[in-house]
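First up is the structure itself, then whatever we jot down about it.
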Amino acid sequence: MHKILNKIFLVHFGMMGAVVLLVGLGFSLSSFQLAQLMLAGLLVSLVFNRIFRRIFLKPILEMQTAARQVVEKELESKITEVNRDKIELQAILSSMVEGVIVIGQDEKILMMNAPIDRMFDLRTFDAVGKPYWEVIRHDTINSALKESLEEKKTLKKEISLISPTDSHFLMQISPVILSNGRLTGVVAVFHNITELKKLSQMRSEFVANVSHELKTPLTTIKGFVETLKDGAIHDRQKAERFLEIIKNHTDRLEHLVNDLLTLASIESREKPLKMEEVQIPCVIETILQLLKDQIEHQGLRCEVDIKANLPKIQGDAISLEQLFLNLLDNAIKYTPTGGLIKITSRPENGFIRTDVEDTGMGIEAESLPRIFERFYRVDKARSREMGGTGLGLAIVKHIVQIHGGHMNVVSQPGKGSTFSVYLPINS
């Protein structure tokens, strides 16, 4: 382009030089002739320049403009694509349950998703660009990240955080290595395994509790059977007493096994519920008939206060009978002779609220949060003496939950307890 323009200037100034040369050689030119020659040269130059621009320069300039537009469009398209990919990646990371943190070779954080903030309570909005050891203040995590960066290896560790509550995480760190072997950083993924840990602990405790609950009556039965075999069977009075003890412990084992099977069936949902319209007053009446003799034998008074025309609920009648049977059985067992058991039922905020109130021994405040745990007993000795398995309230809790309801307990030691069951009204 520059060479072509130079030629234009050479032609223009060449003609001007020719005029000057003619004058210098002695040719006599009048002012008019000189002006004509210069004008002619200028016109030729302008015409040539115009022709050149039209034929040569204009297409080149158009090509330059088109090329610039193509490059700008491609650049804009690439920038848009990169931004879109970045937004999609951020959306994916934000929606993940796992915590993800990406760290560059320079030990600075390149990317971090929201679950990381919640897991480690970082409370920072400008973590990106900072060294990881300034943001995450946990020695085990930082040591693992450093080891992965320095040695270019994958690590998997289980870590625990004590405050504010116990939390457990499975951490997996993977180095990001290019095809040429150069390390660009590491990606750390944190899986919250707190619930799995709790379930594992509950399973271990459950197995231990079942073993203990089975061992006690089995040991007692075995001991009295051996005593009878050793000759006590010939002493009628002793034999009858020992057989009564064996029967009581056999009944206890039967109740325990039945409660375990009931609880397992409810939790596994292996037996589908037969959901139908149920009237709470009918369920309460059925249970009171079953426990009538037990209430009278214990010397208790029972009052029932159920609102007329109580709305129906959607539920499994057999499960609901089990629910109120367990609650009333507990109330009877822990209420002394002459005490009162009161049952009330009424609509409340879209639920049918049924209260089972007693004037029994009551529950200490520190025990209230645990009474629905399997095998938890407020008074272990008295519970076993009365044939309790420690599973009744756990069964109650699960039945209420599978019906979409909830429970509340109010108790005062020495004055009694009130168990309130809320079951949704059939809409």
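When a residue number appears, it is its place in the shown sequence, counting from 1.
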- [ ] Calculate, to the nearest 0.5 Å, the distance between atoms CZ and NZ belonging to R353 and K307 respectively.
- [x] 12.0 Å
TODO: Could you walk me through whether L149 and E107 pass the side chain to side chain contact (heavy atoms under 4.5 Å, CB included) test, one step at a time?
DONE: CA-CA 8 Å; L149 279 168; E107 298 187 349; 4.0 Å; yes
Open item on the list: Contact between L228 and I246 at the side-chain level, heavy atoms closer than 4.5 Å - yes or no?
Closed with: yes
Open item on the list: As a test of understanding, state which of D329, L323, L325 forms a side-chain contact (heavy atoms from CB on, under 4.5 Å) with L327.
Closed with: L323
Open item on the list: Quick one, H398 and F372 - any side-chain contact, counting heavy atoms below 4.5 Å?
Closed with: no
Task: Donor-acceptor under 3.5 Å (K152 side chain, G181 main chain) - done: yes
- [ ] First locate atom OG1 of T227, then atom NZ of K238, and finally report the distance between them rounded to the nearest 0.5 Å.
- [x] 9.5 Å
Task: Check: L340 main-chain N/O paired with T359 side-chain donor or acceptor under 3.5 Å - done: yes
Task: Atom CG of N349: over 12 foreign heavy atoms under 6.0 Å - done: no
Open item on the list: So does K274 get a backbone contact from the side chain of D316, meaning a donor-acceptor N/O pair under 3.5 Å?
Closed with: yes
TODO: Mark yes when over 12 heavy atoms from residues, nucleotides or ligands other than E366 sit less than 6.0 Å from its CD; otherwise mark no.
DONE: yes
Task: Least distance between heavy atoms, L183 atom then P175 atom - done: CD1-CB, 3.7 Å
- [ ] Step by step, work out the side chain to side chain contact (heavy atoms under 4.5 Å, CB included) result for I284 and I287.
- [x] CA-CA 5 Å; I284 298 296; I287 300 306; 6.0 Å; no
TODO: Please examine the side chains of V186 and Y132, heavy atoms only from C-beta on, and report whether any two atoms are closer than 4.5 Å.
DONE: no
Open item on the list: Under the criterion side chain to side chain contact (heavy atoms under 4.5 Å, CB included), I'd like the reasoning laid out for T286 against F324: C-alpha separation, chi angles, the key distance, then a yes or no.
Closed with: CA-CA 10 Å; T286 300; F324 290 108; over 6 Å; no
Task: Candidate pair D293 and E296, rule side chain to side chain contact (heavy atoms under 4.5 Å, CB included), full reasoning - done: CA-CA 5 Å; D293 292 342; E296 291 178 353; 4.3 Å; yes
Open item on the list: Would you say CG of L196 has more than 12 non-hydrogen atoms from neighbouring residues, nucleotides or ligands within 6.0 angstrom?
Closed with: yes
Open item on the list: Are the side chains of I295 and L288 in contact, using a 4.5 Å heavy-atom criterion?
Closed with: yes
TODO: Report yes if some heavy atom in the side chain of E303 is under 4.5 Å from a heavy atom in the side chain of E357; otherwise report no.
DONE: no
Open item on the list: Classify the ring geometry of H406 against Y422: parallel below 30°, tilted from 30° to 60°, perpendicular beyond 60°.
Closed with: parallel
Open item on the list: Within this structure, what is the OG-NE2 distance for the pair S160 and H138, rounded to the nearest 0.5 Å?
Closed with: 7.5 Å
Open item on the list: Does D139, at its CG atom, have more than 12 non-hydrogen atoms belonging to other residues, nucleotides or ligands within less than 6.0 Å?
Closed with: no
Open item on the list: Taking E98's backbone N and O only, do any of them form a donor-acceptor pair with N113's side chain (distance below 3.5 Å, no angle check)?
Closed with: yes
Open item on the list: How long is the straight-line distance from CD1 of I313 back to OG1 of T354, given to the nearest 0.5 Å?
Closed with: 8.0 Å
Task: Backbone N/O of S420 and side chain of N408: donor-acceptor pair under 3.5 Å - done: no
Task: Side chains of R252 and H249 in contact at under 4.5 Å (non-hydrogen atoms) - done: yes
Task: Minimum heavy-atom distance between L155 and A144, given as atom pair plus value - done: CD1-O, 3.3 Å
- [ ] Check for a donor-acceptor pair, side chain of T184 on one end and backbone N or O of V176 on the other, with a separation under 3.5 Å.
- [x] yes
Open item on the list: Closer than 3.5 angstrom, by distance alone: can the side chain of D358 be matched with the main-chain N or O of S417 as a donor-acceptor pair?
Closed with: yes
Task: For the student: nearest non-hydrogen atoms of Q294 and I332, plus distance - done: NE2-CG2, 3.6 Å
Open item on the list: If I compare all heavy atoms of H168 with all of N192, which pair ends up nearest, and what's the gap?
Closed with: O-OD1, 3.4 Å
- [ ] Using a strict 4.0 Å threshold on nitrogen-to-oxygen distance, state whether K157 and E147 make a salt bridge.
- [x] no
Open item on the list: Distance check, rounded to the nearest 0.5 Å: L393 atom CG versus E373 atom CD?
Closed with: 11.5 Å
Open item on the list: Please check if the number of heavy atoms outside N309 that lie under 6.0 Å from its CG is greater than 12.
Closed with: no
Open item on the list: Donor-acceptor check, side chain of S148 to backbone of K153, threshold 3.5 angstrom: yes or no?
Closed with: yes
Open item on the list: Are there over 12 heavy-atom neighbours, none belonging to E134, within less than 6.0 Å of that residue's CD?
Closed with: yes
- [ ] Determine the minimum heavy-atom distance between R137 and N142, stating which atoms define it.
- [x] CA-ND2, 4.3 Å
Task: Note, V135 side chain near I101 side chain (heavy atom, < 4.5 Å) - done: no
Task: F351 versus P424, closest heavy-atom pair with distance - done: CD2-N, 3.4 Å
Task: From NZ (K146) to CD1 (I103), nearest 0.5 Å - done: 12.0 Å
Task: Close side-chain approach of H403 to M275, heavy-atom, < 4.5 Å - done: yes
